[in-house]
Visitor: 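If you scroll down you'll find the structure; I have some questions about it.
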Amino acid sequence: MSNIYKAFENKKAFVSFLTAGDPDYETSLANFRAVIEAGADLVEVGIPFSDPIAEGPVIQEADIRALESGMTTDKVFELVKEIRKDYDTPIVFMTYANPVFHYGTEKFFKNASESGADGIIIPDCPYEERHEFDETAAKYGMDFISMIAPTSEDRIKTIASQAKGFIYVVSSLGVTGVRSEIKTDLESIINLIKESTDVPAAIGFGISTPEQAEKMSQYADGVIVGSAMVRIVAEYGKDAPAKLGEYVRSMKSVL
């Protein structure tokens with residue numbers, strides 16, 4: 001059983017996302033430390049990329065800030081190594097197929113694993129093409145995380161039956177970003193997943209308030225928050241760590 005399961009043991013998990021290197025390396029490291037100290041159960045580390053097609057404007061701008069500050073994939077690995085010196089919280093990379101291919105798939109997963117990461121999410125990798133990454137990830141002890149969007153019943157069950165680590169349930173179609181209301185019938189999707197696997201399922205895309213988190217956690221195993229946290233970094237810059245800690249504690253309090 002992978003380290004990722006620790007995030008979901010006997011509790012509803014709070015999964016945080018931040019872009020590595022935003023707004024700079026040192027502040028970013030402090031941000032990740034702050035969210036872990038505040039109780040994040042699993043941390044998604046975004047590897048900045050110039051064309052993040054699944055992301056809305058908030059995270060796109062974070063990627064630009066990180067790249068302009070000099071962040072590279074190797075520096076992301078170094079950042080995770082620093083986090084690992086003090087914390088064993090599950091860590092998952094969020095990236096895209098192009099940066100992995102460009103870096104070299106074998107080399108990428110070897111270095112990602114050595115940095116201390118437990119898994120990876122690649123939003124632009126279709127389920128049918130997952131073997132290009134899944135097998136190499138498994139070779140280095142990392143879980144390739146499946147994403148399930150509002151789609152056909154048969155497809156949901158098929159993807160769920162092959163899932164590892166946890167399942168990222170996309171709350172609604174479109175790109176990431178804060179949403180005032182989530183109308184997708186997520187309870188039905190979670191029920192279909194539960195019929196096919198014991199792998200935990202967490203809901204992401206659009207969750208930003210404690211009220212939304214509490215509602216989603218009634219049937220999911222966890223909630224994922226990204227844009228709302230990245231927006232805090234954009235607003236407060238080097239003062240973001242304390243604000244992020246406050247935010248995480250407010251979200252954790254309802255789970």
Side-chain angles (χ1 to χ4, degrees), residues 2-4 15-33 35-36 40 42-56 58-87 89-126 129-147 164-165 168 175-176 224 226-227 229-230 233-234 240:
S2 77
N3 190 41
I4 288 172
V15 181
S16 69
F17 169 92
L18 290 169
T19 300
D22 176 31
D24 56 64
Y25 183 96
E26 292 302 329
T27 307
S28 179
L29 179 58
N31 288 340
F32 283 110
R33 291 180 180 277
V35 300
I36 292 171
L42 189 151
V43 176
E44 288 182 13
V45 176
I47 298 178
F49 177 46
S50 58
D51 188 25
I53 59 172
E55 313 298 356
V58 173
I59 295 177
Q60 286 183 17
E61 290 165 8
D63 280 17
I64 291 168
R65 289 193 298 270
L67 291 169
E68 287 180 346
S69 78
M71 204 63 180
T72 64
T73 300
D74 282 325
K75 286 184 179 179
V76 176
F77 293 153
E78 288 301 320
L79 185 146
V80 172
K81 285 180 182 178
E82 285 298 314
I83 296 170
R84 275 285 174 255
K85 289 178 181 179
D86 300 304
Y87 307 101
T89 303
I91 293 174
V92 171
F93 285 126
M94 171 80 87
T95 188
Y96 289 83
N98 186 288
V100 178
F101 283 136
H102 182 74
Y103 193 91
T105 303
E106 185 89 15
K107 179 185 173 187
F108 179 93
F109 282 104
K110 179 177 184 293
N111 291 352
S113 175
E114 289 176 355
S115 77
D118 303 293
I120 189 165
I121 303 166
I122 302 180
D124 61 342
C125 176
E129 298 173 19
R130 72 193 186 286
H131 298 297
E132 294 206 41
F133 301 110
D134 189 12
E135 292 169 5
T136 312
K139 176 181 175 181
Y140 290 101
M142 293 176 64
D143 289 328
F144 185 81
I145 308 301
S146 297
M147 300 184 83
K164 300 172 184 176
Y168 192 127
V175 296
T176 58
I224 305 164
S227 293
M229 298 186 66
V230 173
V233 178

Visitor: With rounding to the nearest 0.5 Å, note down the distance linking OG in Ser69 to NZ in Lys75.
Guide: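 Going from the OG atom of Ser69 to the NZ atom of Lys75 covers 7.0 Å.
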Visitor: List the steps, then state whether side-chain contact (heavy atoms from CB on, under 4.5 Å) holds for Val43 with Tyr87.
Guide: CA-CA 11 Å; Val43 176; Tyr87 307 101; over 6 Å; no
Visitor: Begin from the C-alpha positions of Lys85 and Glu82 and carry the test salt bridge (Lys or Arg N to Asp or Glu O under 4.0 Å) through to its verdict.
Guide: CA-CA 5 Å; Lys85 289 178 181 179; Glu82 285 298 314; 2.8 Å; yes
Visitor: Can you name the nearest heavy-atom pair linking Pro48 to Val76, along with the distance?
Guide: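 Nearest pair, atom of Pro48 first, then Val76: CD-CG2, 4.0 Å.
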Visitor: Quick one: closest heavy-atom pair of Pro123 and Met94, and the distance?
Guide: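 Shortest heavy-atom separation between Pro123 and Met94 comes out as CG-SD, 3.4 Å.
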Visitor: Measuring only between side-chain heavy atoms, which start at C-beta, is Thr105 closer than 4.5 Å to Glu132?
Guide: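 They are not in contact (no side-chain heavy atoms under 4.5 Å apart), so the answer is no.
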Visitor: Using the side-chain contact (heavy atoms from CB on, under 4.5 Å) rule, take Lys164 and Asp134 through it: C-alpha gap first, then chi angles, then the decisive distance, then the call.
Guide: CA-CA 10 Å; Lys164 300 172 184 176; Asp134 189 12; 3.0 Å; yes
Visitor: What are the two closest heavy atoms between Asn98 and Phe49, and how far apart are they?
Guide: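 Looking at all heavy atoms of both residues, the closest pair is CB-CZ, 3.8 Å.
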Visitor: I need the minimum non-hydrogen distance between Val35 and Leu18, along with the two atoms involved.
Guide: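 Nearest heavy atoms, Val35 then Leu18: CG1-CD1, 4.2 Å.
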Visitor: Phe32 and Val45: which non-hydrogen atoms are nearest, and at how many Å?
Guide: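 Scanning both residues completely, I find the closest heavy atoms to be CE2-CG2, 3.8 Å.
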Visitor: Can you tell me how far the OG atom of Ser50 sits from the CD1 atom of Ile64, to the nearest 0.5 Å?
Guide: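 CD1 of Ile64 is found 9.0 Å from OG of Ser50.
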Visitor: Could you tell me the separation between the CG atom of Asn3 and the CE atom of Met142, rounded to the nearest 0.5 Å?
Guide: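 Answer for the CG-CE pair, Asn3 versus Met142, is 12.0 Å.
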Visitor: Closest heavy-atom contact between Gly165 and Ser2?
Guide: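 Taking Gly165 first and Ser2 second, the nearest heavy atoms are CA-OG, 4.4 Å.
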Visitor: In sequence, state the C-alpha distance, the side-chain angles, and the governing distance for Tyr96 and Asp51, and then conclude on side-chain contact (heavy atoms from CB on, under 4.5 Å).
Guide: CA-CA 9 Å; Tyr96 289 83; Asp51 188 25; over 6 Å; no
Visitor: Is Glu114 salt-bridged to Lys110, cutoff N-O under 4.0 Å?
Guide: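 Looking at Glu114 and Lys110, the cut-off is met.
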Visitor: Checking Ser115 side chain against Ala112 main chain: does a donor-acceptor pair fall under 3.5 Å?
Guide: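 Between the backbone of Ala112 and the side chain of Ser115 there is a qualifying donor-acceptor contact (under 3.5 Å).
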Visitor: Taking C-beta and beyond as the side chain, do Arg65 and Val230 meet within less than 4.5 Å on heavy atoms?
Guide: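 When only atoms from C-beta onward are counted, Val230 and Arg65 do touch, with a gap below 4.5 Å.
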Visitor: If you measure from CD1 on Ile47 to CG on Leu67, what distance do you get to the nearest 0.5 Å?
Guide: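 Ile47 atom CD1 to Leu67 atom CG measures 11.5 Å (nearest 0.5 Å).
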Visitor: Rounded to the nearest 0.5 Å, how far apart are CG of Asp74 and CG of Asn111?
Guide: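 It comes to 6.5 Å.
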Visitor: Aromatic ring centroids of Phe101 and Phe133 under 6.0 Å?
Guide: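 Yes, they do, as the ring centres are separated by less than 6.0 Å.
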Visitor: Atom OG1 in Thr19, atom CD in Gln60: separation rounded to 0.5 Å?
Guide: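 Here the rounded value is 11.0 Å.
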Visitor: Does a side-chain N-to-carboxylate-O contact under 4.0 Å join Arg84 and Asp118?
Guide: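 Looking at Asp118 together with Arg84, the answer is yes, because their closest N to O distance falls below 4.0 Å.
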Visitor: Determine whether the aromatic ring centres of residues Tyr140 and Phe109 are separated by less than 6.0 angstrom.
Guide: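 Judged by ring-centre distance (under 6.0 Å), Phe109 and Tyr140 do not meet the cut-off.
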Visitor: Report yes if the side chains of Leu79 and Met71 come closer than 4.5 Å at any heavy-atom pair, otherwise no.
Guide: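 They are in contact (side-chain heavy atoms under 4.5 Å apart), so the answer is yes.
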Visitor: Taking the basic N atoms (NZ, or NE/NH1/NH2) and the acidic carboxylate oxygens, is any pair closer than 4.0 Å for Glu78 and Lys81?
Guide: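 Counted as a salt bridge, because a side-chain N and a carboxylate O are separated by less than 4.0 Å.
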Visitor: Could you please spell out the steps behind the side-chain contact (heavy atoms from CB on, under 4.5 Å) verdict for Phe108 and Thr95?
Guide: CA-CA 11 Å; Phe108 179 93; Thr95 188; 4.2 Å; yes
Visitor: Are Phe93 and Phe77 close enough that their ring centres sit under 6.0 Å apart?
Guide: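 Under 6.0 Å, so yes.
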